[in-house]
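On a predicted model such as this, the values are computed, not experimentally measured, just so you know.
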Amino acid sequence: MRLSKLVGERLKDIPSDAKMKNHILLLRAGYMKQVANGIYSLTALGQKACLNIENIIRDEMNSCEGQEVKFPVVMPKELWDLSGRYSSIGSEMVRFVDRTNRPMLLGMTHEEAAVHLAKNWVNSYTQLPCMIYQIQTKFRDEPRSRGGLIRVREFTMKDAYSFHITQDDLEDYYDVMFKAYERIYKKIGLKNVISVKSDNGMFGGNASHEFMYLNPMGEDELVICPHCSYRSNQEVAESKIYEKKIEEMLPLEEIYTAQAKDIAEVSKFLKIDSKDCVKAVVFAIKGETGSVVCFIRGDREVNETKLRKLCKKEVVPYDATNDSEFCAGNIGPLNLKAKNTQIYFDLSLKDRNNLVTGANRAEYHLVNFNIERDYGNVEYVDISKVKSGDLCPICGKELEISNGIEIGNIFQLGTKYSKSMGMFVKTKDGEEINPIMGCYGIGVGRNLACVVEENSDENGICMPLSIAPYKVHIVPLRLDDDNVSSVSSKLYHDLQLQKIEVLIDDREVMAGVKFADADLMGMPIRVLISPRSLKNNEMEIKLRKTGETIMVSTNNALSKILEIMDTNKNI
RNA sequence: CGAAAUAUAGCGCAGUCCGGUAGCGCGUGCGGUUCGGGACCGUAAGGCCGUGGGUUCGAAUCCCACUAUUUCGACCA
């Protein structure tokens, strides 16, 4: 490709909308252009990089006996009614009607399509296990996209679906996919990746893991044990937070606490540790009247995912300030007047006494509150977020919290979809069962964004060889020099004959401009051809990532480039 | 969906307070001098000032509504 013809402008200024490094660089280097909120066009650079990632994924899926298929982007409502997800998924799914007024939707995931495709020709255990996958556009009407390709509404993703007779068989295959994912991240140039236990969310099912690219800008909070293998998404993380503090019970007393409302104010007012306070957190139930009140130790936060699972309702944080049912700022278990309320006590309150809690009366709190003595026996449940310094549920040592970007996930679905959609296979014994399913996703663009996040410097992107849109970037200086012109165009054609993707900077501009653009776009191998080096019949090969420079004779340039590409798969 | 900000040339921005027919830098075309890290000189093109309404002799500027984008929060496989 001739750079002068390459569509997509390179920007000197930082686009004012971009915050994350990958977003800034992909825009500045001309890999993509925003069309609308969370919707981008890719240029040839962006598309080639994505295709390279897709092909790495494709190879790995094929090596796991996957069969590449293609599901439709648009599906009829009835298909999704079978699984119940047409109604259970909210406005992130785009719904519309076709011209005959038939309700349709845009695919945001394809479990239903996968079962629909497989159910009619998979009838016997002899056909299982099998896996089908696709690489295709998904649309999710995200309420808030951000970070360039990190979180978008329209994106390309590989999604795979496997079918099994037994749970053991699924687990074996799950492990095969787990390892394939690890190879994929390594190949595309992402090192800082870990896997964590995750929530099953709208998929339902049993075990699931997310692959996380560790990054402080990541939207997911991860709980990691540095001492053992425990790694979990905060949503489902557990910890030992049990800190007994049992003293002689003192008499319950109502005291004036003025305007002190939140835990920070109350503990400061009373000069006590926030761990000795009972925090009340109120949630509303989506689509229903009534509320959920959680009591938790003052220094801790409620994990909404855990709470949702526990009460089996969609709960959302609720501002009780103007609700006369509650005396906001002074809510406590004792004398709580609110009706139609579920109450939960977090484990963090167990075996602690002489606590401070709201008196359900403005400007008053109770001190020396002892749950069993003053309120009664309660069942303590785990609804707490894990905090840094909590103890690992496996090894008991201190946990750490990190942020990560989800770059892939694998789920054990169980029979949720095969059952609801009536897919049956006959076992060896002639029994008809619903096959057990797994599903496995990777977002292509998000992975590209993470690769750029990890592989860049102050001058621009350092594309890994494996996914670089062009492997070699020829930079001829002084194209008005006949020798430079002919030597560089010969190398250009020779590389093309070798089927190597090559970019040549055929613009008659100053050296600095060419260098800056080459750094920005980030092709891994740069070949500099100039009158100066040609005097010695040489050209200069420079590796973008390491800065390493190799002088090579004109005759040996091609073979040297091939050698570099062969031996430096990791540049 | 809640809070805030922004919207002027391809990109980055000034002009808005205090109304008088739009400017800077980069980029782009042309001519020239340069040219191994974004060089310089000259010259030219490029804007319905987000959209709609209002006030006014006159609106980028004041008022109202809407829309889009961004940030924070809510939400989210």
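- Across rC49(B) and rC57(B), the matching P atoms stand 22 Å from one another, rounded to whole Å.
- Sorted by first and then second residue, the side chain to side chain donor-acceptor pair (under 3.5 Å) pairs with a member in residues 25-46 of chain A read His23(A)-Tyr40(A), Asn37(A)-Ser145(A); sequence neighbours excluded.
- Taking atom CG of Leu3(A) as the reference point, atom C1' of rG38(B) lies 14 Å away to the nearest angstrom.
- Between Phe71(A) and His110(A), the ring planes are parallel. Angles under 30° get that label, and only those over 60° would be called perpendicular.
- The distance between atom CD1 of Ile14(A) and atom P of rC26(B), rounded to the nearest whole Å, is 18 Å.
- rC17(B) and rG50(B) have their P atoms separated by 15 Å, given to the nearest Å.
- Comparing rG52(B) with rA68(B), their C1' atoms sit 14 Å apart, to the nearest whole Å.
- Among the heavy atoms of the strands, none lies under 4.0 Å from Lys138(A).
- Protein atom CD of Glu235(A) is 13 Å distant from nucleotide atom P of rA74(B), rounded to whole Å.
- Salt bridge Arg183(A)/Glu60(A): present, at least one basic N to carboxylate O contact under 4.0 Å.
- rG46(B) is unpaired under the criterion used here, namely a Watson-Crick or G-U wobble arrangement in which both key atom distances are under 3.5 Å.
- Checked against rG38(B), rU69(B), rG37(B), the side chain of Asp517(A) finds its nearest nucleotide in rG38(B).
- The side chain of Asp17(A) lies closest to rU69(B), out of rG38(B), rC75(B), rU69(B).
- At whole-Å resolution of the value, CD in Glu458(A) and C1' in rG38(B) are 15 Å apart.
- Cation-pi check for Lys77(A) over Tyr86(A) is met; the charged atom lies under 6.0 angstrom from the ring centroid and within 45 degrees of its normal.
- Pairing partner, rC24(B): rG12(B), with both Watson-Crick or wobble hydrogen-bond distances short of 3.5 Å.
- Within the 4.0 Å cut-off from OP1 or OP2 of rG27(B), at least one side-chain nitrogen or oxygen of Lys12(A) is found.
- The side chain to side chain donor-acceptor pair (under 3.5 Å) analysis of residues 518-534 of chain A, with sequence neighbours excluded, yields the pairs Asp519(A)-Arg526(A), Ser530(A)-Ser533(A).
- Between rA74(B) and rG15(B), the distance separating the two C1' atoms is 38 Å to the nearest Å.
- With both ends at atom P, the span from rC26(B) to rC66(B) equals 41 Å, rounded to whole Å.
- For Arg153(A) and rC75(B), the CZ to C1' distance is 14 Å, given to the nearest whole Å.
- Take Tyr181(A) and apply the side chain to side chain donor-acceptor pair (under 3.5 Å) test, not counting sequence neighbours, and it matches Lys158(A).
- Among rG38(B), rG12(B), rU69(B), the nucleotide with an atom closest to any side-chain atom of Val513(A) is rG38(B).
- In a base pair of the Watson-Crick type (N1 to N3 plus N6-O4 or O6-N4) or a G-U wobble (N1-O2 and O6-N3), with each distance short of 3.5 Å, rG73(B) is matched with rC1(B).
- Within the 4.0 angstrom heavy-atom criterion, only backbone atoms of the sugar-phosphate kind lie near Arg308(A); the bases stay farther away.
- Taking atom NE2 on His23(A) and atom P on rU69(B), their separation rounds to 13 Å, with Å as the unit.
- Scored by the side chain to side chain donor-acceptor pair (under 3.5 Å) test, Asn483(A) finds no partners at all (sequence neighbours excluded).
- Across all strands shown, rA68(B) forms a Watson-Crick or G-U wobble pair with rU6(B), both key distances being under 3.5 Å.
- Within the nucleic acid shown, Met93(A) has no heavy atom closer than 4.0 Å to any nucleic acid atom.
- No contact: Glu219(A) has no heavy atom under 4.0 Å from any strand.
- Residue Glu406(A) is in sugar-phosphate contact alone, with no base atom involved, counting any heavy-atom pair closer than 4.0 Å across all strands shown.
- The side chain of Asp13(A) lies closest to rG12(B) when the candidates are rG38(B), rG12(B), rU69(B).
- Between rG58(B) and rG12(B), the two C1' atoms lie 32 Å apart (nearest whole Å).
- Between the side chains of Thr109(A) and Glu111(A), a donor-acceptor pair is found at a separation under 3.5 Å.
- rA39(B) atom P lies 14 Å from atom NZ of Lys514(A), rounded to whole Å.
- Regarding contacts with the backbone of rG27(B), every side-chain N or O of Arg28(A) stays at 4.0 angstrom or more from both OP1 and OP2.
- In this structure, Asn37(A) reaches the rU70(B) phosphate: one of its side-chain N or O atoms is under 4.0 Å from OP1 or OP2.
- For rG47(B) and rC24(B), the P atoms lie 15 Å apart once the distance is rounded to whole Å.
- Comparing Gly441(A) and Pro15(A) along RNA chain B, the residue whose closest nucleotide (by nearest heavy atom) sits nearer the 5' end is Pro15(A).
- rU21(B) and rG31(B) have their P atoms separated by 36 Å, given to the nearest Å.
- Within the structure, every pair that satisfies the salt bridge (charged side-chain N to carboxylate O under 4.0 Å, His left out) test and touches residues 1-14 of chain A, not counting sequence neighbours, is listed here: Arg10(A)-Asp517(A).
- Base pairing of rG31(B) is made with rC41(B), judged by Watson-Crick or G-U wobble geometry with both donor-acceptor distances under 3.5 Å.
- Closest to the side chain of Arg146(A), from the set rG38(B), rG37(B), rC75(B), is rC75(B).
- For the pair Leu543(A)/Ile525(A), a side-chain contact is recorded, criterion being any heavy-atom separation below 4.5 Å from C-beta on.
- The salt bridge (charged side-chain N to carboxylate O under 4.0 Å, His left out) contacts involving residues 434-450 of chain A comprise nothing, where partners must be two or more places apart or lie in separate chains.
- Heavy atoms of Arg10(A) sit nowhere under 4.0 angstrom from any nucleic acid atom.
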What protein N or O atoms touch nucleotides 5-10 of chain B N or O atoms at under 3.5 angstrom, if any, and at what distances?
{"unit_1": "rG10(B)", "atom_1": "O2'", "unit_2": "Glu9(A)", "atom_2": "OE2", "d": "2.8"}

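- Residue pairs that meet the salt bridge (charged side-chain N to carboxylate O under 4.0 Å, His left out) test with at least one member in residues 478-490 of chain A, sequence neighbours left out, are Arg478(A)-Asp480(A), Lys490(A)-Asp494(A).
- Phe211(A) and Tyr185(A) have tilted rings, their planes meeting at an angle from 30° to 60° on a 0 to 90° scale.
- Nucleotide rA60(B) has no partner under the Watson-Crick or G-U criteria, as no pair reaches both atom distances under 3.5 Å.
- Nucleic acid contact class of Phe155(A) (heavy atoms, under 4.0 Å, all strands): base.
- Atom CZ in Arg507(A) sits roughly 14 Å away from atom P in rG38(B) (whole-Å rounding).
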Atom pairs under 3.5 Å, N or O on each side, protein against nucleotides 32-36 of chain B: can you list them with distances?
{"unit_1": "rC35(B)", "atom_1": "N3", "unit_2": "Arg478(A)", "atom_2": "NE", "d": "3.4"}
{"unit_1": "rC35(B)", "atom_1": "N4", "unit_2": "Arg478(A)", "atom_2": "NH2", "d": "3.0"}
{"unit_1": "rG36(B)", "atom_1": "O2'", "unit_2": "Arg532(A)", "atom_2": "NH2", "d": "3.2"}
{"unit_1": "rG36(B)", "atom_1": "N7", "unit_2": "Ser530(A)", "atom_2": "OG", "d": "3.3"}
{"unit_1": "rG36(B)", "atom_1": "O6", "unit_2": "Ser530(A)", "atom_2": "OG", "d": "2.3"}
{"unit_1": "rG36(B)", "atom_1": "N1", "unit_2": "Glu540(A)", "atom_2": "OE1", "d": "3.2"}
{"unit_1": "rG36(B)", "atom_1": "N2", "unit_2": "Glu540(A)", "atom_2": "OE1", "d": "2.9"}
{"unit_1": "rG36(B)", "atom_1": "N2", "unit_2": "Glu540(A)", "atom_2": "OE2", "d": "3.4"}

